Amino acid sequence: MTRTDDPPRIPRWLLAATLPTRDVFQTLIDDLDEEFAKRRNEVDTRSGAVRWYWSQAARSTFELLLYRLECSCCAEVMRAYLRACLLFLFAFGVAEVLVGSLVSRFDVPAAVRATALAGTLVAATALGSRGSCCGSTATQRLSAPVPTNVVVGGVSMGLGVLILSSCATTPPPVVWTSWFLSASLGASLGGIRWTAAGSETFRSI
Amino acid sequence: MERNHLGDFELMVVAASLHLGEQAYGARIRQEIEERTGRDIALGAVYKALARLESKELVSSRLGSPRPERGGRSRRNYEVTAKGRDRFAESLHALRGMLAGLNLDWVPR
């Protein structure tokens with residue numbers, strides 16, 4: 001086989017780099033090479049076959065990347081995290097409006113205000129974490145929204161914010177960055193199935 | 001909960017495998033779908049569907065004998081399992097149920 005008979009190297013390499021490790025995918029490149037050879041000899045010119053190969057390899061690479069993303073545990077945690085964040089933002093937004101209107105109507109001491117804020121945060125984050133658990137249950141990743149998940153996820157998400165937001169001098173970007181980090185931790189913890197034997201992340205498609 | 005009916009693309013992949021019988025392997029399945037439907041399909045999409053179908057035990061695969069045109073490497077041949085045939089029949093039944101009584105004169109043949 002001469003060098004010009006070979007399929008183009010770059011798309012072939014790209015495809016090989018994204019190929020999932022499962023056995024069933026291992027013949028994909030050979031299939032593509034075989035059809036390339038057939039096209040080059042019987043159907044197309046060499047340039048037509050190369051164009052076809054590029055198109056197939058590029059689209060297949062995209063499909064395989066999506067497949068890998070769907071199968072990765074990381075994607076599950078990110079989805080759970082996004083669900084948790086959205087629910088948190090919604091619940092906290094509503095609660096803050098309610099607490100804010102009560103605080104402005106009555107002369108509430110600072111300690112009570114901080115406690116109300118803390119309570120709101122923990123409740124909202126618990127709701128967010130519960131959302132991540134329920135979402136997981138709906139897709140059969142968790143057997144049930146275990147209360148431990150809600151408590152662990154909610155409290156860890158809430159406490160991080162509570163500590164930082166209680167410092168009056170902390171600039172808002174730092175508060176939000178910290179919330180983001182503690183929320184990630186909380187949502188990830190919320191997405192772990194706690195069993196007697198230990199913990200097990202929900203995954204496997 | 002596992003979905004009972006096959007998706008549009010899964011249905012095509014299973015149908016192509018049934019058409020091809022013992023000749024069913026990734027590239028040939030892709031070709032068969034392309035010839036019958038006129039859709040230009042990526043081989044990766046076919047493999048992705050086959051991997052899903054195999055994990056649901058709707059198809060099974062085995063490596064064939066080494067082939068000289070592939071540099072001595074084997075093809076992976078697919079076969080629709082009994083469970084796969086049942087699921088295929090269920091999906092077709094559902095589709096027929098939906099199509100029954102529809103006036104399809106406007107659909108090009």
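A quick note: this is a predicted structure, and the numbers were derived from the prediction, not measured. The sequence lines fix the lettering, A, B, ..., with proteins before strands; numbering per chain opens at 1.
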Notebook entry, point to check: For the residue pair A/Gln56 and B/Asp40, what are the closest heavy atoms and their distance?
Noted result: NE2-OD1, 4.0 Å
Check: Regarding B/Tyr47 and A/Ser60, is there a side-chain donor-to-acceptor distance under 3.5 Å anywhere?
Finding: no
Notebook entry, point to check: Should B/Leu63 and A/Thr27 count as side-chain neighbours, where that means a heavy-atom distance under 4.5 Å?
Noted result: yes
Check: Between B/Leu43 and A/Arg59, is any pair of side-chain heavy atoms under 4.5 Å apart?
Finding: no
Next item on the list: Name the member of A/Leu15, A/Leu64, A/Leu28 that forms the most heavy-atom pairs with chain B at distances under 4.5 Å.
Entry: A/Leu28
Checklist line | Per-residue contacts, residues 27-35 of chain B versus chain A, heavy atoms under 4.5 Å | finding: B/Ala27, B/Arg30, B/Gln31, B/Glu34
Next item on the list: Using a strict 4.0 Å threshold on nitrogen-to-oxygen distance, state whether B/Arg70 and A/Asp31 make a salt bridge.
Entry: yes
Item checked: Shortest non-hydrogen separation from B/Gly44 to A/Glu63 and the atoms involved -> C-CB, 4.1 Å
Margin query: Does B/Glu54 have more than 12 heavy atoms from other residues, nucleotides or ligands lying within 6.0 Å of its CD?
Written below: yes
Notebook entry, point to check: Side chain, backbone, both or neither: which part of A/Asp33 has a non-hydrogen atom closer than 4.5 Å to chain B?
Noted result: neither
Notebook entry, point to check: Should we say atom CD1 of A/Ile10 is surrounded by more than 12 heavy atoms from elsewhere, each under 6.0 Å from it?
Noted result: no
Checklist line | Heavy-atom check, side chain of A/Ile29 versus side chain of B/Arg73, under 4.5 Å | finding: no
Note to self: Please give me the minimum heavy-atom distance between B/Lys48 and A/Phe25, naming the atom from each residue.
What the structure shows: N-CE2, 4.0 Å
Check: Which of residues 11-25 of chain B get closer than 4.5 angstrom to chain A, counting heavy atoms alone?
Finding: B/Tyr25
Checklist line | Close side-chain approach of A/Glu34 to B/Arg75, heavy-atom, < 4.5 Å | finding: yes
